[in-house]
Protein chains: 2
Amino acid sequence: MVQQRRRGRPPKSDDGYSLTLQRLIREGVVALTEKGFVASGLEELLTRAQVPKGSFYYYFASKEAFGLVLIDAYASYFNAKLDRWLKDEKTEPVERLRNFIADACRGMERYGFRRGCLIGNLGQELVALPDAYRTALRDVLRGWEDRLTACLLPVDSVRARDWARFFWTGWEGAVLRARLERSAAPLRDFEDGFIRLIMAP
Amino acid sequence: MVQQRRRGRPPKSDDGYSLTLQRLIREGVVALTEKGFVASGLEELLTRAQVPKGSFYYYFASKEAFGLVLIDAYASYFNAKLDRWLKDEKTEPVERLRNFIADACRGMERYGFRRGCLIGNLGQELVALPDAYRTALRDVLRGWEDRLTACLLPVDSVRARDWARFFWTGWEGAVLRARLERSAAPLRDFEDGFIRLIMAP
DNA sequence: CATTTTATAGACCGATCGTCTTTTAAATTG
DNA sequence: CAATTTAAAAGACGATCGGTCTATAAAATG
């Protein structure tokens with residue numbers, strides 16, 4: 001069947017990710033990891049992204065819709081990062097987790113502990129957010145939980161999921177604490193405790 | 001010595017806590033535990049507290065100054081709660097912690113998981129907040145750490161402080177997770193893991 | 001009644017959000 | 001190549017709200 005060409009100007013890129021859109025999403029994710037949703041104003045975002053306001057509302061119906069896209073984008077980015085570390089077959093499971101944590105420490109240091117976890121940030125302001133956000137955020141965390149569970153299965157097949165849940169719960173707290181202290185120490189302290197926990201008989 | 005009466009209209013109450021002030025602080029703390037600093041608008045707060053806008057700026061120099069007072073008020077409230085549970089001499093140390101957690105679970109359930117931890121909420125939006133807030137929040141957490149350290153000293157005198165640090169780090173995450181899931185399960189899961197950790201040989 | 005201090009009232013400005021109309025750009029079709 | 005069609009950008013605009021400030025009322029003293 002022959003593809004019937006549409007009349008008129010075609011989209012800049014057919015995958016739905018024009019350069020403008022990419023910049024909006026990139027700057028949006030940065031803003032949310034730093035300040036959360038409410039404190040992130042569109043005006044400042046558009047200035048940073050070098051995108052005029054008119055374009056924003058061409059791509060997104062509202063700030064609310066934009067936020068959901070950002071959650072998705074962040075989840076994709078973070079899931080890729082997790083898969084890279086936690087599925088590294090040539091490394092022992094617990095060591096994979098250690099590698100992920102070391103990478104995260106470097107990441108937080110690189111940005112002077114200004115950037116935290118997008119999911120954690122939005123989670124804290126849940127009451128001020130559109131209702132659909134809660135389930136979206138929850139599901140992202142569950143996705144991380146699944147990935148870590150898979151990684152820990154060889155270590156303790158019975159409790160792998162419990163440990164994974166415990167990890168992400170505590171990790172969000174550790175990221176918060178690291179920002180408060182402007183130090184990666186809370187991340188490493190949590191790492192030590194967690195590994196001691198899952199290694200205990 | 002006879003109390004010389006001051007000229008002018010006397011304050012409604014001499015302890016510096018007029019009914020108006022009490023209402024402002026009460027509603028302010030509630031707002032911050034629910035939505036954080038930025039998302040908490042003065043307009044709504046004043047409506048709830050039944051205080052006209054003009055009065056607010058009689059009591060506080062700015063929203064920023066107000067926030068610092070709220071952090072203090074919350075810290076006092078929470079420290080009193082901690083002391084009540086963690087210094088309960090007729091109870092075993094670990095059991096004291098369990099009691100505190102059970103109380104916290106009831107608290108979160110009572111408000112339908114709308115209210116979180118004021119310190120955690122503000123910690124997440126640190127970048128959007130006045131600079132003085134960071135150290136204030138950090139010091140409050142250190143105060144909690146001291147209290148739990150004292151409680152855990154009989155259990156493990158060497159590692160008591162490490163465990164206390166670990167607890168508060170993870171606890172902030174657990175509160176966040178509980179709000180996301182609208183369930184106290186994350187709090188109890190964290191409790192289980194933490195106690196297993198400190199009891200391990 | 002003038003003075004002093006406490007407390008209230010609400011006007012005011014600027015920022016932000018979201019919409020709307022207009023303009024430009026890039027392709028297709030006859 | 002001119003007309004047509006759709007994509008994308010540009011930014012003016014109004015409604016709303018947050019935060020601050022000035023003016024006024026209330027309650028006491030001398």
Side-chain angles (χ1 to χ4, degrees), chain A residues 2-25 27-28 31-32 35-70 125 128-130 133, chain B residues 2-25 27-28 31-32 34-70 125 128-130 132-133:
Chain A
V2 175
Q3 166 80 18
Q4 181 74 21
R5 279 191 175 261
R6 295 176 59 205
R7 288 178 62 96
R9 175 178 171 176
K12 277 193 178 170
S13 62
D14 42 6
D15 60 357
Y17 282 90
S18 68
L19 190 65
T20 302
L21 201 48
Q22 281 180 42
R23 278 204 300 260
L24 285 175
I25 292 175
E27 292 297 331
L32 292 199
K35 301 192 292 190
F37 187 79
V38 179
S40 295
L42 277 190
E43 213 82 23
E44 188 191 334
L45 181 92
L46 295 173
T47 307
R48 282 187 200 282
Q50 305 251 58
V51 171
K53 199 174 213 174
S55 299
F56 179 85
Y57 281 93
Y58 170 71
Y59 289 106
F60 303 102
S62 62
K63 193 189 176 191
E64 171 172 345
F66 181 50
L68 280 176
V69 171
L70 295 182
E125 48 183 346
L129 263 37
Y133 282 39
Chain B
V2 175
Q3 167 80 15
Q4 179 75 19
R5 275 191 174 265
R6 296 174 58 204
R7 288 177 61 94
R9 175 176 171 177
K12 280 192 173 171
S13 66
D14 42 6
D15 61 354
Y17 281 89
S18 69
L19 191 64
T20 303
L21 200 49
Q22 281 180 44
R23 278 203 299 258
L24 284 175
I25 292 175
E27 291 298 331
L32 292 199
E34 289 191 354
K35 300 191 292 189
F37 187 78
V38 179
S40 293
L42 279 189
E43 210 84 22
E44 190 190 333
L45 180 93
L46 295 171
T47 307
R48 282 187 200 282
Q50 304 252 57
V51 172
K53 202 173 209 174
S55 300
F56 179 87
Y57 281 92
Y58 169 72
Y59 291 105
F60 302 101
S62 62
K63 195 190 175 192
E64 169 173 345
F66 181 50
L68 281 176
V69 171
L70 296 182
E125 46 183 347
L129 261 38
Y133 280 39

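Just so we're on the same page: letters track the sequence lines, and every chain starts at 1.
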Minimum-distance nucleotide to A/K53 side chain [options: D/dG18, D/dT20, C/dG18]: C/dG18

Under 4.0 angstrom between B/Y57 side-chain N/O and D/dT20 OP1 or OP2: yes

Atom pair CZ (A/F56) and CG (A/L46), whose distance is rounded to the nearest 0.5 Å: 6.5 Å

Distance, rounded to the nearest Å, where B/F60 contributes CZ and C/dT8 contributes P: 13 Å

Pairs where residues 51-65 of chain B contributes a residue and the test salt bridge (Lys or Arg N to Asp or Glu O under 4.0 Å) is met, not counting sequence neighbours: B/E43-B/K53

Under-4.0 Å side-chain N/O to phosphate OP1/OP2 contact, B/Y59 with C/dT6: no

Whole-Å gap separating P (C/dA7) and CZ (B/R23): 13 Å

Phosphate-side-chain proximity, A/Y58 and D/dA9, N/O vs OP1/OP2 below 4.0 Å: no

Rounded interatomic separation in angstrom, taking CD from B/E44 and P from D/dG19: 12 Å

A/L46 CG to C/dA15 C1', straight-line distance once rounded to whole Å: 14 Å

Touch class at under 4.0 angstrom, heavy-atom based, for A/G41 against every strand present: sugar-phosphate

A/R48, CZ atom: more than 12 neighbouring heavy atoms under 6.0 Å: no

Check: A/K63 side chain, C/dG18 base, donor-acceptor under 3.5 Å: no

Salt bridge (Lys or Arg N to Asp or Glu O under 4.0 Å) assessment of B/K35 paired with B/E44: CA-CA 12 Å; B/K35 300 191 292 189; B/E44 190 190 333; 3.1 Å; yes

For atom CZ of B/F66 and atom P of D/dG18, their distance in whole Å: 14 Å

Selected nucleotide, minimal atom distance to B/T20 side chain, candidates C/dT8, C/dG18, D/dA9: C/dT8

Distance test, side-chain N/O of B/S62 to OP1/OP2 of D/dG19, below 4.0 Å: no

Closest-nucleotide ordering on DNA chain D, the 5'-leading residue of A/S55 and B/V38: A/S55

Distance in angstrom units between B/Q50 CD and C/dA7 C1', rounded: 17 Å

d(CG, B/L42; P, C/dC13) in whole Å: 19 Å

Among D/dG18, C/dA7, D/dA9, the nucleotide that comes nearest once only the side chain of B/E43 is considered: D/dG18

Within the 6.0 Å centroid threshold, strictly below: B/Y59 and B/F66: no

Sugar-phosphate, base or nothing in reach of A/A61, heavy atoms under 4.0 Å: sugar-phosphate

